[in-house]
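All ligand and atom numbering here is 1-based and tracks the order in the structure. All residue numbers in this chain count up from 1 along the given sequence.
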Amino acid sequence: MELELRGITKRFGAFTANDQISLKVEPGQIHSLLGENGAGKSTLMNVLFGLLRPDEGEILIDGVVTSITDSGEAVRRGIGMVHQHFMLVPVFSVTENVVLGFEPTKSLNRVDYRQATEDIHRLSRQFNLDVDPDAIVENLPVGLQQRVEILKALSHDAELLILDEPTAVLTPQEIDSLMEIMRSLAAAGKSILFITHKLKEVKAVADVITVIRQGRVVGTAEPSASESELASLMVGRDVRLTVEKTPYDPGDEVLEVRDLVVLDDRGLVAVNGVSLDVRAGEVLALAGVQGNGQTEFVEALVGMRPVQSGTITLHGRDITNLTPRQALDVGLGHIPEDRQRDGLVLTMSVADNLVLNTPRRAPFARHGTRNLSAVNENAQRLVRDFDIRTTSIQEPASSLSGGNQQKVIVARELSRSLEFLVASQPTRGLDVGSIEYVHRQIIEHRNRGNGSLIVSSELDEVLALGDRIAVMYEGRISGVVDPTASRESIGLLMAGHTTETASV
Ligand SMILES: Nc1ncnc2c1ncn2[C@@H]1O[C@H](COP(=O)(O)OP(=O)(O)OP(=O)(O)O)[C@@H](O)[C@H]1O
Ligand SMILES: [Mg+2]
């Protein structure tokens, strides 16, 4: 498909999210949209997919001006979108999900599942998707669920696929396979609009890069441009891609975890006897392929999941099995993995979300009465310091871009006085400029002599922040290494080798 956007403008009230955006996507092209958080990328994609109506501008498909009034229309016109939050029904099979809403019928009211299953087999083979049509979606890892979304689009003859931050939730291995799939789709003539904040990925697959800043196209770049060139084009200034740290000078143990056992949602052992110490002035980075117990481990630390056995102490005080409220009160900061579920109340204002943990405390309330001006001053300050892009602090958090929602959580957690920080994927979905800022904040927290546990599936982040790196595999710690360890040796630990066999 040849797609052309001409002068697309989209306003939300007085705010212009897309300002005269024009771009062209050729058949078989992987076209990458690069831009900072809140630049207007998702808005533009929602316009293209018929989820938002543009105020101005035209969409041309194969040279013909086309009005896309809703997403059904977009699908009929050959446009498919893989949403970042998957739209699949967990208890349905792959086939059932693929046909959902578009059931092929033999007679008028009989769904032809056999035909659908054959289609899935064929597409799955053609594009190396390797998806079992009979698998139940909730049993599939995230990377495969995403392929089901891709299959769903392909089965409706999508000629142009929109992938809005598809890699944010994937493991490095899953990312590599997705890149392969994208290449084979492009080779078959499909066009792809690809959004990511990871410059390496852009360089690896994009044919063309369009850079958007504050709703406008500010230029195009060649995939051969360096990461720092791309970064500065995106944010309009130089970005330091490495974190500067003062020398590692740890104090006493702050957090001590002994023989922790925690179950997952299905009642199976997810954390299988983990012992760890984190010291004052130290960042302990917890690396590992997602799904090896990191999520359950963190939830147990912050009182969101019961501990079966073992102990957690903070400054020598037993904090095993606290309630989330008590965890807050002892000074545990938490940046959760799932920001929309655990980090924000989307319907509440940005200002309220910024005091979500301490709404009934001074200075935000006195004798049970809210101190509105303190709440608002706090919000103004954090919005400025953390560069949270919002038209107003009274806007609901739901109206913020994905990256800006993440910044609200990070700002809230890092701005209160903490005894210990637990952060899961703290920079997921953030642009390079914001990553720089958040990393600096985490390091400053460390330099003030505090302990932190940072869980990340990004090896770059683990290596940049960690004073020591613990690797988790199948519910156990497979090794603890220095940040000078090679990527290969950490990779081996992530695959289940122990420190001895990985020879670090
Ligand atoms: N429904 C809405 N109402 C008001 N403002 C909105 C709405 N949707 C988006 N915006 C604003 O439009 C701007 C662009 O948001 P968009 O989601 O397109 O950004 P993005 O480039 O996708 O950013 P990110 O990289 O963080 O995902 C943001 O500043 C956001 O606050
Ligand atoms: Mg977005």
Side-chain angles (χ1 to χ4, degrees), residues 5 8-21 23 31-55 57 81-86 162-169 193-199 201-202 209-219 230-231 233-236 239 338-340 343-344 346-351 353-354 379 382-384 386-411 425-438:
L5 301 179
I8 298 287
T9 295
K10 176 67 196 172
R11 299 186 195 93
F12 295 107
F15 177 75
T16 306
N18 287 165
D19 191 357
Q20 296 290 329
I21 293 189
L23 57 86
H31 194 121
S32 190
L33 287 186
L34 209 54
E36 50 187 346
N37 296 128
K41 305 176 297 292
S42 296
T43 301
L44 186 68
M45 295 303 99
N46 288 336
V47 165
L48 177 57
F49 197 58
L51 297 169
L52 290 172
R53 300 300 305 272
D55 295 298
M81 183 161 183
V82 175
H83 294 269
Q84 197 180 332
H85 296 103
F86 304 146
I162 300 169
L163 302 174
D164 191 353
E165 293 193 51
T167 61
V169 290
L193 270 162
F194 173 50
I195 299 177
T196 180
H197 285 293
K198 299 177 201 164
L199 303 174
E201 296 171 2
V202 173
I209 303 168
T210 295
V211 184
I212 298 178
R213 202 190 306 150
Q214 297 184 350
R216 294 200 189 101
V217 173
V218 293
L230 292 175
L233 192 55
M234 251 175 81
V235 300
V239 178
D338 186 336
R339 61 179 166 240
Q340 298 205 337
L344 297 167
L346 288 169
T347 51
M348 279 171 38
S349 70
V350 170
N353 271 287
L354 283 167
L382 294 179
V383 160
R384 189 183 59 235
F386 284 79
D387 192 19
I388 299 168
R389 305 278 168 92
T390 176
T391 44
S392 150
I393 57 169
Q394 306 306 344
E395 280 285 313
S398 60
S399 78
L400 297 190
S401 77
N404 282 293
Q405 291 179 356
Q406 180 72 2
K407 288 198 225 171
V408 169
I409 297 171
V410 173
Q425 319 293 350
T427 58
R428 177 179 281 171
L430 294 191
D431 67 48
V432 282
S434 305
I435 291 174
E436 176 194 30
Y437 186 78
V438 169

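With ligand atoms numbered from 1 in the order given, ligand 1 contributes 17 (O), 18 (O), 20 (P), 22 (O) to contacts under 4.0 Å with heavy atoms of S42. If you number the atoms of ligand 1 from 1 as listed, the ones under 4.0 Å from a heavy atom of H197 come out as 25 (O). Annotation for ligand 1: atoms under 4.0 Å from non-hydrogen atoms of F15 are 11 (C), 12 (O), 13 (C), 29 (O). Taking every heavy atom of G402 and a limit of under 4.0 angstrom, the matching atoms of ligand 1 come to 26 (O), 27 (O). Distances below 4.0 Å separate heavy atoms of A17 from the following atoms of ligand 1: 12 (O).
Looking only at heavy atoms of the protein, atom 17 (O) of ligand 1 is closest to S401 CB, 3.3 Å. Among all non-hydrogen protein atoms, the one lying nearest atom 23 (O) of ligand 1 is G38 N, 2.8 Å. Of the protein's heavy atoms, F12 CE2, 3.6 Å lies nearest to atom 1 (N) of ligand 1. For atom 27 (O) of ligand 1, the nearest protein heavy atom (residue, atom name, distance) is E165 OE2, 3.4 Å. Looking only at protein heavy atoms, the nearest one to atom 10 (N) of ligand 1 is S399 O, 3.3 Å.
A donor-acceptor pair shorter than 3.5 Å can be found between the side chains of S42 and D164. The closest side-chain donor-acceptor pair between E395 and T390, if any, does not fall under 3.5 angstrom.
Open room surrounds CZ on R216; 12 or fewer heavy atoms of other groups in view lie less than 6.0 Å from it.
Here atom 15 (O) of ligand 1 lies nearest to T43 when heavy atoms of N37, V350, T43, L33 are compared. Ranked by closest heavy atom to atom 25 (O) of ligand 1, the top entry among E36, K41, R11, K10 is K41.
Of all non-hydrogen atoms in K41 and G35, the two that sit nearest each other are NZ-O, 2.8 Å. The shortest non-hydrogen separation linking M81 to M45 is CE-CB, 4.1 Å. G433 and V235 get closest at one heavy-atom pair: N-CG1, 4.2 Å. Between V202 and L34 the shortest heavy-atom distance is CG2-CD1, 3.8 Å. The two atoms that bring G40 and N18 nearest to each other are O-ND2, 3.0 Å, heavy atoms only.
The shortest N/O to N/O separation between G403 and ligand 1 falls below 3.5 Å. Where the criterion is an N or O separation shorter than 3.5 Å, residue side chain and backbone included, L400 fails it with respect to ligand 1.
Among the backbone and side-chain atoms of T43, no N/O/S atom is found under 2.8 Å from the Mg ion (ligand 2).
Taking CG of L48 as the reference point, atom CD1 of I21 lies at 11.5 Å (rounded to 0.5 Å).
Between E201 and F194, the closest side-chain pair of non-hydrogen atoms falls below 4.5 Å.
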